[in-house]
2 protein chains.
Amino acid sequence: MVVHGARGRSGRRPTLEEVAARAGVGRGTVSRVINGSPRVSEATRAAVEAAVAELGYVPNTAARALAANRTDAIALVVPEPETRFFAEPYFSDMLKGVGAALSDTEMQLLLIFAGSDRERRRLAQYLAAHRVDGVLLVSVHADDPLPDLLSQLEIPAVISGRRSVDETLPSVDSDNYGGGRAAVEHLLARGCRTITHIAGRLDVFGAQRRVDGYRDALRDAGREVDEELIITGDFTEEGGRRAMKELLARRPDLDAVFAGSDVMAAGARQVLREAGRRTPDDVALVGYDDSAIARHMDPPLTSVRQPIEDMGRAMLELLLDEIADRRPAVSRGLEKRQLVLPAMLVERDSS
Amino acid sequence: MVVHGARGRSGRRPTLEEVAARAGVGRGTVSRVINGSPRVSEATRAAVEAAVAELGYVPNTAARALAANRTDAIALVVPEPETRFFAEPYFSDMLKGVGAALSDTEMQLLLIFAGSDRERRRLAQYLAAHRVDGVLLVSVHADDPLPDLLSQLEIPAVISGRRSVDETLPSVDSDNYGGGRAAVEHLLARGCRTITHIAGRLDVFGAQRRVDGYRDALRDAGREVDEELIITGDFTEEGGRRAMKELLARRPDLDAVFAGSDVMAAGARQVLREAGRRTPDDVALVGYDDSAIARHMDPPLTSVRQPIEDMGRAMLELLLDEIADRRPAVSRGLEKRQLVLPAMLVERDSS
DNA sequence: AGGTACTGTGGGAGCGCTCCCACAAGTGAT
DNA sequence: ATCACTTGTGGGAGCGCTCCCACAGTACCT
């Protein structure tokens, strides 16, 4: 935490020019050293570095941004109110992953909430001013205009999850299909006969893929898929309750529930208890997300975990590539710009 | 979310110069309009604004920062690991307050974690580069070198809480003394005879003030202050447990506990239960912070609430003043640079 | 000896603003 | 009519960098 350099109380910071004079070299050479260009002799480099240390030189970001037309900053945009951001571990895990990957770079991360209309307008203004080199977009709904704005402004962006099969933006998703399959295969292995599914909002692509996984797992096990056993919730606890009641009414003989989120599983659990069904003895229960709720439920909930931190890391890496690639106007194409990371079943006592 | 302007696919953004040409005025005049100077005639202003709209002009932040030597950004520095940031509602409330106050301005808020050594070095670098106009410092310990670095770099800063009675930095604190008093007065009014206190770490100034409030409330009620009834915890649950055990050993006849934080109160509660003491019948319990824990305890915990969101708002306002005041080199002195907001007792069933 | 290539270096031009001085035009007192 | 302000405006200078062209020096061919 010590500030080096002989700089007096003047408050004026040394400039490149002054470092150059001190080191007895030209401005360009100092710039090269600062930016790690290989085209500098060892001796010169050492001299410049000494001058930098003596003067306590720190580059002026604004000048650099102006001259080089880049900001060395990227934004993590959360199109949600702050409340949700703090409530859901998803975001903090994501941030952790991004932050870890970021610490190897000189990039600065900005956190931007765009929950309200007002905030969104602000964001649009912000992006139009090109104040960041790239954008990480988490939790985007299918009809969000943000991605279009981004490509209109030609700002590199990476999205978490996909909006559809043919997502155009570079994206990092987890294997929702595989996660759904794993949940159902686990229930099948446990000997469950009538496996129901409370799906999430189907305009969320990942939720749809989980349903696909559910279907295929049953089909591959030689079971008929009964559409009556699938019901759509809305990712909320109340939605989980409603869905569970309906399922119990439709099929009193059900012996397993695969919920598309832990929160919905928690709602379902309440209804099951009220109905006198024991977990896991009468009805096995599996959730999705492996959130804190899952661990704290009674009994602890079996759930599918997404590698969110890894996803964050991967998103950042993709974005940095994307930013670097904007130099030559070549290399379009979707090679490797869509990443899918594996999901994993975490077995606990509810199944 | 619509981008106005006829700007083609070139990607080049219009400059001040181009706006000036379009509006048939000089560069200076456009600058004046953009920056809201009053020294512009109505007609000219309208013409410029039209040109700005037509071209979809957005000022280049980097150029402005370079020329004007300001960044229009401030940082909220959290000298804690991210985990704590997400775990404690203190930070999210603070952020909410700051964010609210910020939305009236053109300022950009940066969130910076400085929990690890590595992050701190990064931060030092960042500040040395003067990449922000000011800093909001939350949760600072008495021996933290950060405030000194800030004043060395002559960066305006506002601190949450005070490090001592004669805090030099502008600060916003809550009335910890009054909060402590209120808690004890409440217990006295309930008829408690032997009121104990589990204090927080005494190197945290606020914790000390709560103890002062505790003492004075008893004294003013004509009670002797028995130092045996005060014990120091460390703000953790485990610390609360240890302190409670010790207090029970010292004074089995105690009938009230005022804990310096909700978390410590939770620890104390466990020990009380194990000892067979009922709350509030045998022992009344009061916490501090009014955090989520307080509401979820059984019985719900009476606690002292600090207006954290308001504190955030106030901090930002102080900081903006501070930044504005850096123009004339006058106006030293501590007038109004130390703000103390009232704390409030929230009565629940634990007392 | 001349050519060709590469390496390392200096410094001009320019990024898009703000600041400020100069000055025209208008207003009112002398 | 003259002087002294005031108001509105134009544009030069300069903020501290990066980019790139020019060029000196060295090395290795013909």
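Letters A, B, ... mirror the listed sequences (proteins, then strands); counts begin at 1.
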Separation of atom [atom1] in [X] from atom [atom2] in [N], rounded to whole Å:
| X | N | atom1 | atom2 | result |
| --- | --- | --- | --- | --- |
| A:His130 | C:dC17 | NE2 | C1' | 17 Å |
| A:Asn69 | D:dT18 | CG | C1' | 11 Å |
| B:Glu17 | C:dG14 | CD | P | 13 Å |
| B:Ile34 | C:dC17 | CD1 | C1' | 11 Å |
| B:Glu42 | D:dT9 | CD | P | 10 Å |
| A:Arg39 | C:dA5 | CZ | P | 16 Å |
| A:Arg27 | D:dG16 | CZ | P | 12 Å |
| A:Arg70 | D:dC19 | CZ | P | 6 Å |

**Request:** Inspect the contact between B:Arg131 and A:Asp72 and indicate whether a charged nitrogen and a carboxylate oxygen are less than 4.0 angstrom apart.
**Result:**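 Judged by the 4.0 Å cut-off on N to carboxylate O distance, A:Asp72 and B:Arg131 do not form a salt bridge.
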**Side-chain ion pair, B:Asp117 and B:Arg120, N-O less than 4.0 Å** =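 Answer for the salt bridge query: no.
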Which nucleotide in the list [options] gets nearest to the side chain of [X]?
| X | options | value |
| --- | --- | --- |
| B:Val25 | C:dT9, D:dG10, D:dG16 | D:dG10 |
| B:Ser41 | D:dC17, D:dT9, C:dT7 | D:dT9 |
| B:Thr15 | C:dC17, C:dC19, D:dC17 | C:dC17 |
| A:Ala67 | C:dC15, C:dC19, D:dT9 | C:dC15 |
| A:Leu66 | D:dG8, D:dG10, C:dG16 | C:dG16 |
| B:Arg32 | C:dG16, D:dT9, C:dT9 | D:dT9 |

**Message:** Using a 6.0 Å cut-off, check whether atom CG of A:Asn35 has over 12 heavy atoms from anything other than its own residue.
**Reply:**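 Yes, the 6.0 Å shell around CG holds more than 12 heavy atoms from other groups.
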**Prompt:** How about A:Asn69: does its CG atom have over 12 heavy atoms from other parts shown lying under 6.0 Å from it?
**Reply:**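 Not more than 12 within 6.0 Å, no.
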Which part of the nucleic acid, if any, lies within contact of [X], taking any heavy atom under 4.0 Å across all strands shown: a base, the sugar-phosphate backbone alone, or nothing?
| X | result |
| --- | --- |
| A:Arg64 | sugar-phosphate |
| A:Thr44 | sugar-phosphate |
| A:Asn35 | sugar-phosphate |

**Asked** Does B:Ser31 have a side-chain nitrogen or oxygen under 4.0 Å from the phosphate oxygens OP1 or OP2 of C:dT18?
**Response**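 Looking at the OP1 and OP2 atoms of C:dT18, one of them is under 4.0 Å from a side-chain N or O of B:Ser31.
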**Asked** Quick one: are B:Arg70 and B:Ile323 in side-chain contact, heavy atoms under 4.5 Å?
**Response**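 They are not in contact (no side-chain heavy atoms under 4.5 Å apart), so the answer is no.
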**Prompt:** Where each residue is assigned the nucleotide of DNA chain C containing its nearest heavy atom, which of B:Pro59 and A:Pro38 is assigned the position nearer the 5′ end?
**Reply:**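 That would be A:Pro38.
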